[in-house]
There are 2 protein chains.
Amino acid sequence: MLPRKIADSTVRRLAIYLRFLEEFQRQGQATVASDALAQRAGTTSAQVRKDLSFFGSFGTRGLGYDVVPLADRLREILGLGHRHRVAIIGAGRLAAALVDYTGFSARGFEIVAVVDRDPARIGAVLAGLTIEDVADLEHVVRRGEVEIAILVTPAGPAQALVDRLVAVGITAILNFAPVQLQVPEGVDVKNVNLAVELETLSYALSARAAT
Amino acid sequence: MLPRKIADSTVRRLAIYLRFLEEFQRQGQATVASDALAQRAGTTSAQVRKDLSFFGSFGTRGLGYDVVPLADRLREILGLGHRHRVAIIGAGRLAAALVDYTGFSARGFEIVAVVDRDPARIGAVLAGLTIEDVADLEHVVRRGEVEIAILVTPAGPAQALVDRLVAVGITAILNFAPVQLQVPEGVDVKNVNLAVELETLSYALSARAAT
DNA sequence: CCTCGCTCGTGAAACCTTTCACAAATGCTC
DNA sequence: GAGCATTTGTGAAAGGTTTCACGAGCGAGG
Ligand SMILES: NC(=O)c1ccc[n+]([C@@H]2O[C@H](COP(=O)([O-])OP(=O)(O)OC[C@H]3O[C@@H](n4cnc5c(N)ncnc54)[C@H](O)[C@@H]3O)[C@@H](O)[C@H]2O)c1
Ligand SMILES: NC(=O)c1ccc[n+]([C@@H]2O[C@H](COP(=O)([O-])OP(=O)(O)OC[C@H]3O[C@@H](n4cnc5c(N)ncnc54)[C@H](O)[C@@H]3O)[C@@H](O)[C@H]2O)c1
(Lines give C-alpha, C1' and ligand atoms only; values in the text may rest on other atoms or scores of the structure.)
(Ligands and ions follow the chains in the order given, each with its own letter.)
Protein backbone atom coordinates (compact mmCIF):
# COMPACT_ATOMS: atom_id res chain seq x y z
CA MET A 1 0.00 0.00 0.00
CA LEU A 2 2.74 2.44 0.92
CA PRO A 3 5.46 2.99 -1.64
CA ARG A 4 9.03 2.02 -0.90
CA LYS A 5 10.81 5.07 0.29
CA ILE A 6 9.32 8.47 0.91
CA ALA A 7 11.57 11.42 1.68
CA ASP A 8 11.29 12.92 5.12
CA SER A 9 10.76 16.32 3.50
CA THR A 10 7.72 14.95 1.68
CA VAL A 11 6.21 13.50 4.86
CA ARG A 12 6.65 16.80 6.68
CA ARG A 13 4.88 18.64 3.88
CA LEU A 14 2.02 16.15 3.92
CA ALA A 15 1.51 16.95 7.60
CA ILE A 16 1.44 20.63 6.73
CA TYR A 17 -0.99 20.14 3.85
CA LEU A 18 -3.26 18.26 6.21
CA ARG A 19 -3.35 21.22 8.56
CA PHE A 20 -4.52 23.51 5.77
CA LEU A 21 -7.00 21.00 4.44
CA GLU A 22 -8.59 20.93 7.88
CA GLU A 23 -8.78 24.69 7.79
CA PHE A 24 -10.43 24.61 4.36
CA GLN A 25 -12.84 22.05 5.67
CA ARG A 26 -13.81 24.26 8.61
CA GLN A 27 -14.42 27.05 6.12
CA GLY A 28 -16.71 24.78 4.17
CA GLN A 29 -14.62 24.62 1.00
CA ALA A 30 -15.33 21.47 -0.96
CA THR A 31 -12.31 21.42 -3.26
CA VAL A 32 -8.86 22.93 -3.32
CA ALA A 33 -6.30 23.31 -6.10
CA SER A 34 -2.67 22.35 -5.66
CA ASP A 35 -1.79 25.97 -6.12
CA ALA A 36 -3.92 27.14 -3.20
CA LEU A 37 -2.39 24.52 -0.92
CA ALA A 38 1.07 25.38 -2.14
CA GLN A 39 0.73 29.06 -1.40
CA ARG A 40 -0.34 28.46 2.17
CA ALA A 41 2.29 25.81 2.77
CA GLY A 42 5.02 27.96 1.30
CA THR A 43 5.88 25.70 -1.62
CA THR A 44 4.93 25.25 -5.27
CA SER A 45 1.96 23.58 -6.91
CA ALA A 46 4.24 21.13 -8.71
CA GLN A 47 5.69 20.12 -5.37
CA VAL A 48 2.25 19.51 -3.91
CA ARG A 49 1.19 17.38 -6.86
CA LYS A 50 4.43 15.43 -6.83
CA ASP A 51 4.16 14.78 -3.09
CA LEU A 52 0.64 13.47 -3.45
CA SER A 53 1.44 11.47 -6.57
CA PHE A 54 3.69 9.15 -4.57
CA PHE A 55 0.57 7.74 -2.96
CA GLY A 56 -1.78 7.63 -5.90
CA SER A 57 -3.84 10.19 -7.76
CA PHE A 58 -6.81 11.64 -6.00
CA GLY A 59 -7.33 14.91 -7.78
CA THR A 60 -9.81 15.86 -10.44
CA ARG A 61 -8.29 17.53 -13.46
CA GLY A 62 -9.65 20.96 -14.04
CA LEU A 63 -10.99 21.14 -10.50
CA GLY A 64 -8.46 20.23 -7.87
CA TYR A 65 -8.75 17.95 -4.84
CA ASP A 66 -11.83 17.18 -2.80
CA VAL A 67 -10.95 18.52 0.61
CA VAL A 68 -12.52 15.91 2.86
CA PRO A 69 -11.41 12.74 1.06
CA LEU A 70 -7.89 14.10 0.62
CA ALA A 71 -7.64 14.96 4.32
CA ASP A 72 -8.85 11.47 5.17
CA ARG A 73 -6.30 9.94 2.86
CA LEU A 74 -3.48 12.02 4.31
CA ARG A 75 -4.48 10.99 7.81
CA GLU A 76 -4.37 7.39 6.68
CA ILE A 77 -0.97 7.83 5.03
CA LEU A 78 0.45 9.54 8.12
CA GLY A 79 -0.89 6.78 10.34
CA LEU A 80 -3.26 9.12 12.14
CA GLY A 81 -6.16 6.71 11.78
CA HIS A 82 -5.88 5.84 15.44
CA ARG A 83 -4.80 7.87 18.44
CA HIS A 84 -1.18 7.47 19.50
CA ARG A 85 -0.19 6.93 23.09
CA VAL A 86 2.76 8.98 24.24
CA ALA A 87 4.95 8.86 27.35
CA ILE A 88 7.08 11.74 28.55
CA ILE A 89 10.43 10.91 30.09
CA GLY A 90 11.61 13.61 32.47
CA ALA A 91 9.13 15.82 34.31
CA GLY A 92 10.97 19.13 34.01
CA ARG A 93 10.05 22.49 32.58
CA LEU A 94 9.67 21.39 28.98
CA ALA A 95 7.58 18.45 30.11
CA ALA A 96 5.28 20.87 31.94
CA ALA A 97 4.73 22.85 28.74
CA LEU A 98 4.12 19.70 26.69
CA VAL A 99 1.71 18.07 29.10
CA ASP A 100 -0.36 21.21 29.38
CA TYR A 101 -0.61 21.68 25.63
CA THR A 102 -4.02 20.73 24.28
CA GLY A 103 -2.88 20.81 20.67
CA PHE A 104 -1.37 17.33 20.80
CA SER A 105 -4.52 15.64 21.96
CA ALA A 106 -6.44 17.56 19.33
CA ARG A 107 -4.18 16.04 16.70
CA GLY A 108 -4.44 12.51 18.02
CA PHE A 109 -1.51 12.26 20.39
CA GLU A 110 -2.49 11.32 23.91
CA ILE A 111 0.00 11.76 26.71
CA VAL A 112 -0.64 8.81 28.98
CA ALA A 113 2.31 8.89 31.37
CA VAL A 114 5.10 11.05 32.74
CA VAL A 115 8.10 9.62 34.58
CA ASP A 116 10.99 11.21 36.46
CA ARG A 117 13.89 10.18 38.64
CA ASP A 118 13.62 12.91 41.25
CA PRO A 119 11.83 11.62 44.37
CA ALA A 120 10.63 15.17 45.02
CA ARG A 121 8.64 15.09 41.79
CA ILE A 122 7.39 11.53 41.79
CA GLY A 123 3.79 11.47 42.97
CA ALA A 124 3.11 15.07 42.03
CA VAL A 125 0.30 15.68 39.54
CA LEU A 126 0.93 17.38 36.21
CA ALA A 127 -2.16 18.26 34.18
CA GLY A 128 -4.04 15.30 35.62
CA LEU A 129 -1.19 12.81 35.32
CA THR A 130 0.66 11.51 38.35
CA ILE A 131 4.41 11.59 37.82
CA GLU A 132 5.76 8.06 38.15
CA ASP A 133 9.16 6.65 39.02
CA VAL A 134 11.50 6.16 36.07
CA ALA A 135 12.51 2.90 37.75
CA ASP A 136 9.11 1.61 36.64
CA LEU A 137 9.63 2.81 33.06
CA GLU A 138 9.18 -0.61 31.51
CA HIS A 139 6.00 -1.22 33.45
CA VAL A 140 4.61 2.22 32.61
CA VAL A 141 5.28 1.78 28.91
CA ARG A 142 3.68 -1.65 28.78
CA ARG A 143 0.68 -0.70 30.86
CA GLY A 144 0.04 2.42 28.76
CA GLU A 145 0.64 0.60 25.48
CA VAL A 146 2.89 3.49 24.66
CA GLU A 147 4.05 3.86 21.05
CA ILE A 148 5.95 7.14 21.18
CA ALA A 149 8.32 8.47 23.83
CA ILE A 150 9.27 12.11 24.27
CA LEU A 151 12.64 12.44 25.93
CA VAL A 152 13.05 15.64 27.95
CA THR A 153 15.73 14.72 30.46
CA PRO A 154 19.23 16.20 30.57
CA ALA A 155 21.69 14.82 28.04
CA GLY A 156 23.54 12.65 30.54
CA PRO A 157 21.01 9.87 31.12
CA ALA A 158 19.45 10.11 27.64
CA GLN A 159 21.25 7.23 25.93
CA ALA A 160 20.64 4.81 28.79
CA LEU A 161 16.95 5.75 28.84
CA VAL A 162 16.69 5.23 25.10
CA ASP A 163 18.26 1.80 25.44
CA ARG A 164 15.60 0.88 27.97
CA LEU A 165 12.83 2.30 25.80
CA VAL A 166 14.01 0.36 22.79
CA ALA A 167 14.26 -2.77 24.90
CA VAL A 168 10.55 -2.52 25.83
CA GLY A 169 9.64 -2.12 22.18
CA ILE A 170 9.42 1.63 21.62
CA THR A 171 10.34 2.44 18.02
CA ALA A 172 9.52 6.16 17.84
CA ILE A 173 11.28 8.77 19.96
CA LEU A 174 11.16 12.54 19.99
CA ASN A 175 14.37 13.73 21.62
CA PHE A 176 14.97 17.18 23.10
CA ALA A 177 18.26 16.37 24.81
CA PRO A 178 21.26 17.75 22.95
CA VAL A 179 22.90 14.43 22.20
CA GLN A 180 23.15 12.17 19.18
CA LEU A 181 21.31 9.01 20.22
CA GLN A 182 22.40 5.60 19.00
CA VAL A 183 19.51 3.33 18.15
CA PRO A 184 19.25 0.06 16.27
CA GLU A 185 17.76 -0.31 12.81
CA GLY A 186 14.00 0.01 12.87
CA VAL A 187 13.85 2.68 15.57
CA ASP A 188 13.15 6.25 14.59
CA VAL A 189 14.50 9.26 16.46
CA LYS A 190 13.59 12.85 15.66
CA ASN A 191 15.74 15.43 17.35
CA VAL A 192 14.60 18.87 18.38
CA ASN A 193 17.70 20.84 19.16
CA LEU A 194 16.81 24.41 19.95
CA ALA A 195 20.39 25.47 20.48
CA VAL A 196 21.20 24.32 16.95
CA GLU A 197 18.23 26.28 15.61
CA LEU A 198 19.46 29.42 17.30
CA GLU A 199 22.95 28.83 16.00
CA THR A 200 21.73 28.52 12.41
CA LEU A 201 19.93 31.84 12.92
CA SER A 202 23.18 33.26 14.24
CA TYR A 203 24.92 32.03 11.11
CA ALA A 204 22.29 33.66 8.92
CA LEU A 205 22.74 36.94 10.78
CA SER A 206 26.47 36.99 10.33
CA ALA A 207 26.33 35.74 6.74
CA ARG A 208 24.08 38.71 5.97
CA ALA A 209 26.31 41.11 7.86
CA ALA A 210 29.27 39.93 5.79
CA THR A 211 27.55 40.80 2.52
CA MET B 1 35.29 35.77 3.96
CA LEU B 2 32.20 33.59 3.94
CA PRO B 3 31.60 31.57 0.80
CA ARG B 4 28.59 32.13 -1.42
CA LYS B 5 25.91 29.72 -0.39
CA ILE B 6 26.12 27.16 2.36
CA ALA B 7 23.42 24.52 2.72
CA ASP B 8 21.32 24.62 5.84
CA SER B 9 22.18 21.00 6.48
CA THR B 10 25.87 21.90 6.53
CA VAL B 11 25.34 24.75 9.00
CA ARG B 12 23.38 22.49 11.33
CA ARG B 13 26.16 19.94 11.26
CA LEU B 14 28.76 22.58 12.00
CA ALA B 15 26.81 23.49 15.13
CA ILE B 16 26.81 19.82 16.11
CA TYR B 17 30.52 19.41 15.44
CA LEU B 18 31.16 22.43 17.64
CA ARG B 19 29.35 20.77 20.50
CA PHE B 20 31.58 17.71 20.27
CA LEU B 21 34.73 19.76 19.84
CA GLU B 22 33.90 21.49 23.11
CA GLU B 23 33.49 18.11 24.71
CA PHE B 24 36.86 16.96 23.36
CA GLN B 25 38.39 20.16 24.66
CA ARG B 26 37.01 19.55 28.16
CA GLN B 27 38.54 16.09 27.99
CA GLY B 28 41.88 17.63 27.12
CA GLN B 29 42.20 16.14 23.64
CA ALA B 30 44.42 18.26 21.44
CA THR B 31 43.49 16.90 18.03
CA VAL B 32 40.59 15.03 16.51
CA ALA B 33 40.22 13.15 13.23
CA SER B 34 37.28 13.70 10.91
CA ASP B 35 36.28 10.13 11.55
CA ALA B 36 35.98 10.60 15.32
CA LEU B 37 33.81 13.69 14.85
CA ALA B 38 31.72 11.91 12.27
CA GLN B 39 30.97 8.97 14.50
CA ARG B 40 29.74 11.16 17.32
CA ALA B 41 27.73 13.41 15.05
CA GLY B 42 26.15 10.47 13.27
CA THR B 43 27.61 11.15 9.85
CA THR B 44 30.64 10.17 7.76
CA SER B 45 34.20 11.41 7.76
CA ALA B 46 33.89 12.54 4.14
CA GLN B 47 30.90 14.64 5.10
CA VAL B 48 32.80 16.26 7.95
CA ARG B 49 35.74 17.11 5.72
CA LYS B 50 33.49 18.43 2.96
CA ASP B 51 31.54 20.58 5.41
CA LEU B 52 34.73 22.11 6.78
CA SER B 53 36.31 22.50 3.35
CA PHE B 54 33.70 25.10 2.37
CA PHE B 55 35.38 27.47 4.79
CA GLY B 56 39.02 26.68 4.18
CA SER B 57 41.34 23.92 5.21
CA PHE B 58 42.35 23.78 8.82
CA GLY B 59 43.34 20.17 9.27
CA THR B 60 46.74 18.57 9.37
CA ARG B 61 47.13 15.60 7.06
CA GLY B 62 48.04 12.48 8.92
CA LEU B 63 46.89 13.97 12.20
CA GLY B 64 43.45 15.52 12.09
CA TYR B 65 42.19 18.86 13.37
CA ASP B 66 43.49 20.86 16.30
CA VAL B 67 40.53 20.93 18.63
CA VAL B 68 40.80 24.44 20.03
CA PRO B 69 41.50 26.37 16.82
CA LEU B 70 38.81 24.47 14.95
CA ALA B 71 36.25 25.20 17.65
CA ASP B 72 37.23 28.87 17.54
CA ARG B 73 36.87 28.92 13.78
CA LEU B 74 33.46 27.25 13.91
CA ARG B 75 32.29 29.78 16.47
CA GLU B 76 33.45 32.52 14.16
CA ILE B 77 31.72 30.93 11.14
CA LEU B 78 28.48 30.50 13.07
CA GLY B 79 28.61 34.10 14.23
CA LEU B 80 29.01 33.11 17.86
CA GLY B 81 31.85 35.55 18.39
CA HIS B 82 29.55 37.84 20.31
CA ARG B 83 26.56 37.13 22.51
CA HIS B 84 23.16 37.38 20.85
CA ARG B 85 20.30 39.24 22.43
CA VAL B 86 16.99 37.43 22.26
CA ALA B 87 13.41 38.54 22.97
CA ILE B 88 10.58 36.14 23.70
CA ILE B 89 7.15 37.04 22.35
CA GLY B 90 4.36 35.44 24.37
CA ALA B 91 4.84 34.61 28.05
CA GLY B 92 3.11 31.24 28.09
CA ARG B 93 4.17 27.77 29.11
CA LEU B 94 6.80 27.30 26.45
CA ALA B 95 8.20 30.72 27.26
CA ALA B 96 8.52 29.68 30.89
CA ALA B 97 10.59 26.65 29.90
CA LEU B 98 12.80 28.69 27.57
CA VAL B 99 13.46 31.53 29.98
CA ASP B 100 14.41 29.14 32.75
CA TYR B 101 16.80 27.19 30.57
CA THR B 102 20.43 27.97 31.35
CA GLY B 103 21.72 26.21 28.24
CA PHE B 104 21.00 29.15 25.94
CA SER B 105 22.99 31.63 27.94
CA ALA B 106 25.81 29.08 28.15
CA ARG B 107 25.88 28.99 24.36
CA GLY B 108 25.83 32.75 23.94
CA PHE B 109 22.14 33.53 23.63
CA GLU B 110 20.91 36.01 26.22
CA ILE B 111 17.21 36.42 26.78
CA VAL B 112 16.79 40.11 27.45
CA ALA B 113 13.03 40.61 27.30
CA VAL B 114 9.68 38.83 27.42
CA VAL B 115 6.44 40.42 26.24
CA ASP B 116 2.80 39.35 26.42
CA ARG B 117 -0.63 40.77 25.69
CA ASP B 118 -2.42 39.44 28.76
CA PRO B 119 -2.70 42.20 31.42
CA ALA B 120 -2.72 39.49 34.08
CA ARG B 121 0.82 38.49 33.07
CA ILE B 122 2.33 41.88 32.31
CA GLY B 123 4.42 42.96 35.28
CA ALA B 124 4.97 39.44 36.57
CA VAL B 125 8.56 38.29 36.86
CA LEU B 126 9.85 35.27 34.96
CA ALA B 127 13.35 34.10 35.83
CA GLY B 128 14.41 37.61 36.71
CA LEU B 129 12.74 39.30 33.73
CA THR B 130 9.67 41.46 34.08
CA ILE B 131 7.05 40.60 31.49
CA GLU B 132 6.34 43.69 29.42
CA ASP B 133 3.37 44.79 27.34
CA VAL B 134 3.42 43.64 23.73
CA ALA B 135 2.10 47.10 22.87
CA ASP B 136 5.63 48.31 23.65
CA LEU B 137 7.21 45.65 21.43
CA GLU B 138 9.05 48.13 19.23
CA HIS B 139 10.45 49.98 22.21
CA VAL B 140 11.49 46.76 23.94
CA VAL B 141 13.28 45.48 20.85
CA ARG B 142 15.14 48.75 20.29
CA ARG B 143 16.07 49.23 23.92
CA GLY B 144 17.34 45.65 24.21
CA GLU B 145 19.18 45.78 20.87
CA VAL B 146 17.46 42.51 20.17
CA GLU B 147 18.70 40.49 17.19
CA ILE B 148 16.64 37.33 17.49
CA ALA B 149 12.96 36.88 18.38
CA ILE B 150 11.40 33.68 19.63
CA LEU B 151 7.71 33.57 18.84
CA VAL B 152 5.67 31.51 21.31
CA THR B 153 2.20 32.96 20.97
CA PRO B 154 -0.83 31.17 19.55
CA ALA B 155 -1.01 30.97 15.77
CA GLY B 156 -3.64 33.70 15.44
CA PRO B 157 -1.58 36.80 16.18
CA ALA B 158 1.71 35.35 14.88
CA GLN B 159 1.80 36.94 11.43
CA ALA B 160 0.91 40.39 12.72
CA LEU B 161 3.61 40.13 15.38
CA VAL B 162 6.16 39.06 12.80
CA ASP B 163 5.27 42.03 10.63
CA ARG B 164 5.94 44.33 13.57
CA LEU B 165 9.20 42.55 14.39
CA VAL B 166 10.39 42.85 10.82
CA ALA B 167 9.42 46.50 10.78
CA VAL B 168 11.71 47.24 13.77
CA GLY B 169 14.56 45.47 12.05
CA ILE B 170 14.50 41.92 13.37
CA THR B 171 15.85 39.53 10.73
CA ALA B 172 16.02 36.24 12.66
CA ILE B 173 12.96 34.55 14.11
CA LEU B 174 12.45 31.19 15.79
CA ASN B 175 8.78 30.34 15.43
CA PHE B 176 6.89 27.77 17.51
CA ALA B 177 3.41 28.71 16.32
CA PRO B 178 1.98 26.25 13.82
CA VAL B 179 1.66 28.68 10.92
CA GLN B 180 3.64 29.40 7.79
CA LEU B 181 4.93 32.91 8.29
CA GLN B 182 5.35 35.29 5.37
CA VAL B 183 8.48 37.40 5.61
CA PRO B 184 10.33 39.59 3.14
CA GLU B 185 13.65 38.66 1.56
CA GLY B 186 16.49 39.01 4.02
CA VAL B 187 14.57 37.77 7.04
CA ASP B 188 15.17 34.26 8.32
CA VAL B 189 12.50 32.15 10.00
CA LYS B 190 13.14 28.73 11.52
CA ASN B 191 10.05 26.80 12.43
CA VAL B 192 9.78 24.33 15.25
CA ASN B 193 6.58 22.43 14.72
CA LEU B 194 6.26 19.70 17.30
CA ALA B 195 2.98 18.40 15.93
CA VAL B 196 4.66 17.84 12.57
CA GLU B 197 7.51 15.99 14.30
CA LEU B 198 5.05 13.69 16.02
CA GLU B 199 3.22 13.13 12.75
CA THR B 200 6.40 12.11 10.96
CA LEU B 201 6.99 9.63 13.78
CA SER B 202 3.45 8.39 13.29
CA TYR B 203 4.19 7.93 9.60
CA ALA B 204 7.33 5.97 10.40
CA LEU B 205 5.35 3.74 12.75
CA SER B 206 2.72 2.92 10.19
CA ALA B 207 5.20 2.57 7.33
CA ARG B 208 6.98 -0.07 9.42
CA ALA B 209 3.73 -1.77 10.33
CA ALA B 210 2.86 -2.04 6.64
CA THR B 211 6.06 -3.93 5.85
C1' DC C 1 66.77 12.78 5.99
C1' DC C 2 64.16 9.05 4.09
C1' DT C 3 60.33 6.08 4.44
C1' DC C 4 56.01 4.80 6.10
C1' DG C 5 51.45 5.24 7.72
C1' DC C 6 47.92 8.13 8.37
C1' DT C 7 44.35 11.50 7.33
C1' DC C 8 43.17 15.61 4.90
C1' DG C 9 41.23 18.07 0.81
C1' DT C 10 38.75 17.63 -3.29
C1' DG C 11 37.17 16.67 -8.02
C1' DA C 12 34.06 13.28 -9.92
C1' DA C 13 30.29 10.15 -9.48
C1' DA C 14 26.19 8.78 -7.47
C1' DC C 15 22.18 9.83 -5.52
C1' DC C 16 18.24 12.49 -4.20
C1' DT C 17 14.91 16.40 -4.52
C1' DT C 18 12.74 20.05 -6.83
C1' DT C 19 11.22 22.37 -10.86
C1' DC C 20 9.63 22.40 -15.50
C1' DA C 21 6.50 21.70 -19.06
C1' DC C 22 2.93 19.59 -21.32
C1' DA C 23 -0.41 15.85 -22.60
C1' DA C 24 -4.50 14.17 -20.57
C1' DA C 25 -8.64 14.51 -18.31
C1' DT C 26 -12.47 16.84 -16.25
C1' DG C 27 -16.45 20.18 -15.48
C1' DC C 28 -18.95 23.90 -17.26
C1' DT C 29 -21.27 26.60 -20.64
C1' DC C 30 -23.82 27.13 -24.44
C1' DG D 1 -22.57 17.20 -27.00
C1' DA D 2 -18.75 20.14 -28.68
C1' DG D 3 -15.60 23.53 -27.24
C1' DC D 4 -13.16 25.80 -23.71
C1' DA D 5 -10.91 26.82 -19.50
C1' DT D 6 -8.73 24.71 -16.04
C1' DT D 7 -5.80 21.80 -13.28
C1' DT D 8 -3.99 17.30 -12.60
C1' DG D 9 -0.26 13.68 -13.08
C1' DT D 10 4.19 12.77 -14.61
C1' DG D 11 8.41 12.01 -17.37
C1' DA D 12 12.48 14.71 -18.09
C1' DA D 13 15.62 18.34 -16.81
C1' DA D 14 17.81 20.95 -13.49
C1' DG D 15 19.68 21.66 -9.27
C1' DG D 16 21.53 20.29 -4.90
C1' DT D 17 23.70 17.12 -1.51
C1' DT D 18 26.27 13.10 -0.22
C1' DT D 19 29.49 9.59 -1.09
C1' DC D 20 33.52 7.86 -3.30
C1' DA D 21 38.23 7.44 -4.13
C1' DC D 22 42.65 8.93 -4.40
C1' DG D 23 46.57 12.25 -4.68
C1' DA D 24 48.89 15.32 -1.51
C1' DG D 25 51.02 16.43 2.52
C1' DC D 26 52.37 15.83 7.26
C1' DG D 27 54.56 13.71 11.48
C1' DA D 28 56.93 9.98 13.45
C1' DG D 29 60.45 6.87 13.83
C1' DG D 30 64.34 4.85 12.64
N1 LIG E 1 13.90 24.14 28.64
C2 LIG E 1 14.33 24.51 27.45
O3 LIG E 1 13.96 25.58 26.98
C4 LIG E 1 15.26 23.68 26.66
C5 LIG E 1 15.82 24.20 25.51
C6 LIG E 1 16.68 23.42 24.73
C7 LIG E 1 16.98 22.15 25.14
N8 LIG E 1 16.44 21.66 26.25
C9 LIG E 1 16.77 20.29 26.63
O10 LIG E 1 15.62 19.58 26.95
C11 LIG E 1 15.86 18.71 28.03
C12 LIG E 1 14.88 19.00 29.16
O13 LIG E 1 14.92 20.35 29.46
P14 LIG E 1 14.16 20.93 30.73
O15 LIG E 1 14.36 22.39 30.70
O16 LIG E 1 12.79 20.41 30.81
O17 LIG E 1 15.06 20.33 31.91
P18 LIG E 1 14.70 20.18 33.46
O19 LIG E 1 15.98 20.13 34.18
O20 LIG E 1 13.68 21.18 33.85
O21 LIG E 1 14.00 18.78 33.54
C22 LIG E 1 14.67 17.57 33.36
C23 LIG E 1 13.93 16.54 34.20
O24 LIG E 1 14.49 15.26 33.93
C25 LIG E 1 14.57 14.57 35.15
N26 LIG E 1 15.57 13.50 35.06
C27 LIG E 1 16.90 13.58 35.20
N28 LIG E 1 17.47 12.39 35.04
C29 LIG E 1 16.48 11.52 34.79
C30 LIG E 1 16.43 10.13 34.55
N31 LIG E 1 17.53 9.41 34.52
N32 LIG E 1 15.23 9.58 34.33
C33 LIG E 1 14.11 10.32 34.36
N34 LIG E 1 14.10 11.63 34.58
C35 LIG E 1 15.26 12.22 34.81
C36 LIG E 1 14.91 15.61 36.18
O37 LIG E 1 14.55 15.19 37.47
C38 LIG E 1 14.07 16.78 35.69
O39 LIG E 1 12.80 16.76 36.27
C40 LIG E 1 17.30 18.91 28.42
O41 LIG E 1 18.09 17.95 27.78
C42 LIG E 1 17.62 20.27 27.84
O43 LIG E 1 18.98 20.36 27.48
C44 LIG E 1 15.58 22.39 27.03
N1 LIG F 1 3.28 24.06 24.81
C2 LIG F 1 3.60 23.16 23.90
O3 LIG F 1 4.02 22.08 24.26
C4 LIG F 1 3.49 23.43 22.45
C5 LIG F 1 3.69 22.40 21.56
C6 LIG F 1 3.60 22.63 20.19
C7 LIG F 1 3.33 23.90 19.75
N8 LIG F 1 3.14 24.89 20.62
C9 LIG F 1 2.86 26.22 20.09
O10 LIG F 1 3.68 27.18 20.71
C11 LIG F 1 2.95 28.36 20.93
C12 LIG F 1 3.01 28.72 22.40
O13 LIG F 1 2.56 27.64 23.16
P14 LIG F 1 2.30 27.76 24.71
O15 LIG F 1 1.92 26.43 25.19
O16 LIG F 1 3.40 28.47 25.38
O17 LIG F 1 0.99 28.68 24.71
P18 LIG F 1 0.35 29.49 25.91
O19 LIG F 1 -1.08 29.66 25.59
O20 LIG F 1 0.76 28.94 27.21
O21 LIG F 1 1.07 30.90 25.80
C22 LIG F 1 0.82 31.80 24.77
C23 LIG F 1 1.05 33.21 25.33
O24 LIG F 1 0.97 34.14 24.28
C25 LIG F 1 0.27 35.28 24.77
N26 LIG F 1 -0.28 36.03 23.65
C27 LIG F 1 -1.41 35.81 22.97
N28 LIG F 1 -1.57 36.73 22.01
C29 LIG F 1 -0.52 37.56 22.09
C30 LIG F 1 -0.12 38.71 21.37
N31 LIG F 1 -0.84 39.19 20.37
N32 LIG F 1 1.03 39.30 21.72
C33 LIG F 1 1.76 38.82 22.72
N34 LIG F 1 1.44 37.73 23.44
C35 LIG F 1 0.30 37.11 23.12
C36 LIG F 1 -0.77 34.71 25.68
O37 LIG F 1 -1.22 35.70 26.59
C38 LIG F 1 0.01 33.60 26.36
O39 LIG F 1 0.65 34.05 27.52
C40 LIG F 1 1.58 28.12 20.41
O41 LIG F 1 1.48 28.61 19.09
C42 LIG F 1 1.47 26.63 20.39
O43 LIG F 1 0.61 26.18 19.35
C44 LIG F 1 3.21 24.69 21.97
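Lettering of chains follows the sequences in order, A, B, ..., and the numbering in each one begins at 1. What you see is a predicted model, and the numbers here were worked out from it, not measured in a lab.
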*Do B/Thr43 and B/Arg13 have side-chain N/O donor and acceptor atoms under 3.5 Å apart?*
no

_Looking at B/Arg49, I'd like to know whether one of its side-chain N or O atoms comes within less than 4.0 Å of OP1 or OP2 on C/dG9._
no

*Would you kindly give the CG-to-P distance between A/Leu52 and C/dT18, to the nearest whole Å?*
14 Å

*Without swapping roles, check the side chain of A/Arg93 against the backbone of B/Asp100 for a donor-acceptor pair under 3.5 Å.*
yes

_Can you pull out the residues from residues 13-47 of chain B that lie within a 4.0 Å heavy-atom distance of DNA chain D?_
B/Arg13, B/Thr44, B/Ala46, B/Gln47

*Base, sugar-phosphate, or nothing for A/Phe54, non-hydrogen atoms under 4.0 angstrom?*
nothing

_Nearest-angstrom distance from the residue atom NZ of B/Lys50 to P of C/dA12_ = 11 Å

*Which sits closer to the 5' end of DNA chain D, A/Gly62 or A/Phe58, going by the nucleotide each is nearest to?*
A/Gly62

*What's the CZ-P distance between B/Phe55 and C/dT10, to the nearest Å?*
14 Å

*With distance as the sole test, does A/Arg208 use its side chain to make a donor-acceptor pair with the main-chain N or O of B/Gly186 at under 3.5 Å?*
yes

*Between which nucleotides of DNA chain D, 5' to 3', does chain A make heavy-atom contacts below 4.0 Å?*
D/dT6 to D/dA12

*May I ask you to check whether A/Ser34 and A/Arg49 show a side-chain donor-acceptor distance below 3.5 Å?*
yes

*When you measure from the side chain of A/Arg40 to the backbone N and O of A/Ala36, does any donor-acceptor pair fall under 3.5 Å?*
yes

_N-O pairing of A/Arg75 and B/Glu199 below 4.0 Å_ = no

*Go through C/dC22, C/dG27, C/dG9 for me and flag the one nearest to the A/Thr60 side chain.*
C/dG27

*Ignoring hydrogens and geometry, is there a side-chain-to-backbone donor-acceptor pair from A/Asp66 to A/Val68 under 3.5 Å?*
no

*Pair B/Arg19 + B/Glu22: basic N to acidic O under 4.0 Å*: no

*Do the ring centers of A/Tyr17 and A/Phe20 come within less than 6.0 Å of each other?*
no

*Axis deviation across the helix from C/dC1-D/dG30 to C/dC30-D/dG1, five-pair ends, to the nearest 10°*: 10°

*asked:* Measure CZ/B/Arg61 against C1'/C/dC4 and give the value in whole Å, please.
replied: 17 Å

_Gap between atoms OH and C1', on B/Tyr65 and C/dT7 respectively (whole Å)_ = 9 Å

*C/dT17 C1' sits how many Å from A/Ile6 CD1, rounded?*
12 Å

*Answer yes or no: is there an ion pair linking A/Glu147 with A/Arg83, defined by an N-O contact shorter than 4.0 Å?*
no

